[in-house]
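Written out below as structure tokens is the structure these notes cover.
Below, read A as the first sequence line, B as the second, and so on, with proteins coming before strands; counting in each chain starts at 1.
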Protein chains: 2
Amino acid sequence: MNARSDGKDVTARLREAIVSGHFQPSERLIEVELAGLLATNRTNVRTALAQLEQEGLVVREANRGARVRLVSHEDAIEITQVRGALEAFVAGLAAARARPQDHRRLRALVEAMREAVEAGDLIAYSKINGSLHAEILRIAQHRTAAKLLANLNSQVVRFQYRSILLPGRSRRSLAEHEEIVAAICAADVEAAERNMGAHLRAAAEALRQVIEASKTAIV
Amino acid sequence: MNARSDGKDVTARLREAIVSGHFQPSERLIEVELAGLLATNRTNVRTALAQLEQEGLVVREANRGARVRLVSHEDAIEITQVRGALEAFVAGLAAARARPQDHRRLRALVEAMREAVEAGDLIAYSKINGSLHAEILRIAQHRTAAKLLANLNSQVVRFQYRSILLPGRSRRSLAEHEEIVAAICAADVEAAERNMGAHLRAAAEALRQVIEASKTAIV
DNA sequence: CGCCTTGACATTGTCAACAATCATTTCGAC
DNA sequence: GTCGAAATGATTGTTGACAATGTCAAGGCG
């Protein structure tokens, strides 16, 4: 009957709800509530929670239920570092695989980034940033890396917007992306790896600064 | 009552059973059978299967049950590549973090590897190889990378032994490990990354060769 | 006043029965 | 003999009830 509401994968919908911020970190995830919310039964919620735990979005304690995983600052940095290693590899692949058509798309995205920065629209910048990384991932055609990166990203989306707020970070980030795209368009595998690696090291460093700043600010 | 048999995490035991080869790739995993085998109920088996699917060890089709994931040759190469990116990063970390005590352990492991190669004992070699990589991972102290690598490894253990059988591969592999350990002991981060990266590119290449050989051999 | 025990409530964990689906076999028509 | 349709069996999917556990508040005791 209501194949519509229940047909979609419960895990996917719960994941989306967590990633989109519908639930706060450390918020309790009560099985019957979720079942009601997602128009399904406890069993499905239960397996969804088990999967999302494996995925690092949810934490479960025996007999004490599930919570949205609170990603600590250290975790966020670790995740960004690992992303860096993977994305550098992926950028290298993209440099080897990209066709002229791909080059055009990448350049268009960088151009849009530049406009966003000049307009001071950091939210738009953040979005395009995501699109650019996604495009590079698409060009690389590497399922294993793609899955892992999607996973890692879902764990740190909450942190994404923060580091770009650092004064001067957006301009430097733009410059880094320009170099990455230039390397890919030049089919220079090693430069692409190097530039992407440098970019995510810089991103991790920016994240660390923001975190340190917030720590001292709170105390 | 039988807290012993059921107490342990069902997912962990099923994972172990799959990784250790107790079940063959593509072998059907029937819920009631597993429940009997693991001395538990269908519910627990069900959630275990859901988690292992997320982990990439199991494939499930709606209404058609679960099977051990058959990792294709392409998958195996992809996984080895991604491992390479991660392990290179981890080796760099290890180079930065390793203490003299760690250096001793690493050198001892390489020494054991050398002996295994000279004795022609490739099974022992394979084991020590695993220990060495695990030791480097321990030194690096990076939970996120450690978890991902554990995951990836469990997907390709079945392929591990094959590539080392290539004529001359074991000696070269030994040399590569010596260089990696030398770089870590010299606290040379970049050399450690570079050497580990090269090592796993070589491993991926060896794997590719073995696969090509087996393809033509079968046809 | 603080601390421990007790009990009620909320939530998760386990189980068995039933429904739905898929694979296989049987049977009849041509 | 071959094709297709219906019956059969095996397996997964779903549901509800119950047990086990944890949480919290109230009350008694030192």
Would you state whether a donor and an acceptor, one from the side chain of B:R64 and one from the base of D:dG13, lie under 3.5 Å apart?
-> no
Testing C:dT12, D:dG13, D:dT11 for proximity to the side chain of B:R60, the answer is D:dG13
In whole angstroms, the gap separating P of D:dG22 from CD1 of A:I30 amounts to 16 Å
Find the distance B:R67:CZ to D:dT12:P and express it as a whole number of Å.
-> 10 Å
Side chain B:E176, main chain B:L200, donor-acceptor under 3.5 Å = no
Using 4.0 Å as the upper bound for N to carboxylate O, is an ion pair formed by B:R138 and B:E135?
-> yes
Start with the C-alpha gap between A:N195 and A:H199, add the side-chain angles, then the distance that decides, and say whether side-chain hydrogen bond (donor to acceptor under 3.5 Å, both in side chains) holds.
-> CA-CA 6 Å; A:N195 292 343; A:H199 167 52; over 6 Å; no
Indicate yes or no: does A:E205 engage A:R169 in a salt bridge with an N to O separation below 4.0 Å.
-> no
Report yes if a side-chain nitrogen or oxygen of A:R46 is closer than 4.0 Å to either non-bridging phosphate oxygen (OP1 or OP2) of C:dT12; otherwise report no.
-> no
With respect to the phosphate group of D:dG13, does any side-chain polar atom (N or O) of A:N44 fall under 4.0 Å of OP1 or OP2?
-> no
What does B:L49 touch in the nucleic acid at a heavy-atom separation under 4.0 angstrom: a base, only the sugar-phosphate, or nothing?
-> nothing
B:N63 CG to D:dT14 C1': how many Å, rounded?
-> 11 Å
Quick one: which of D:dG13, C:dG13, C:dT11 gets closest to the side chain of B:R42?
-> D:dG13
First encountered from the 5' end of DNA chain C, between B:R28 and A:E61 | A:E61
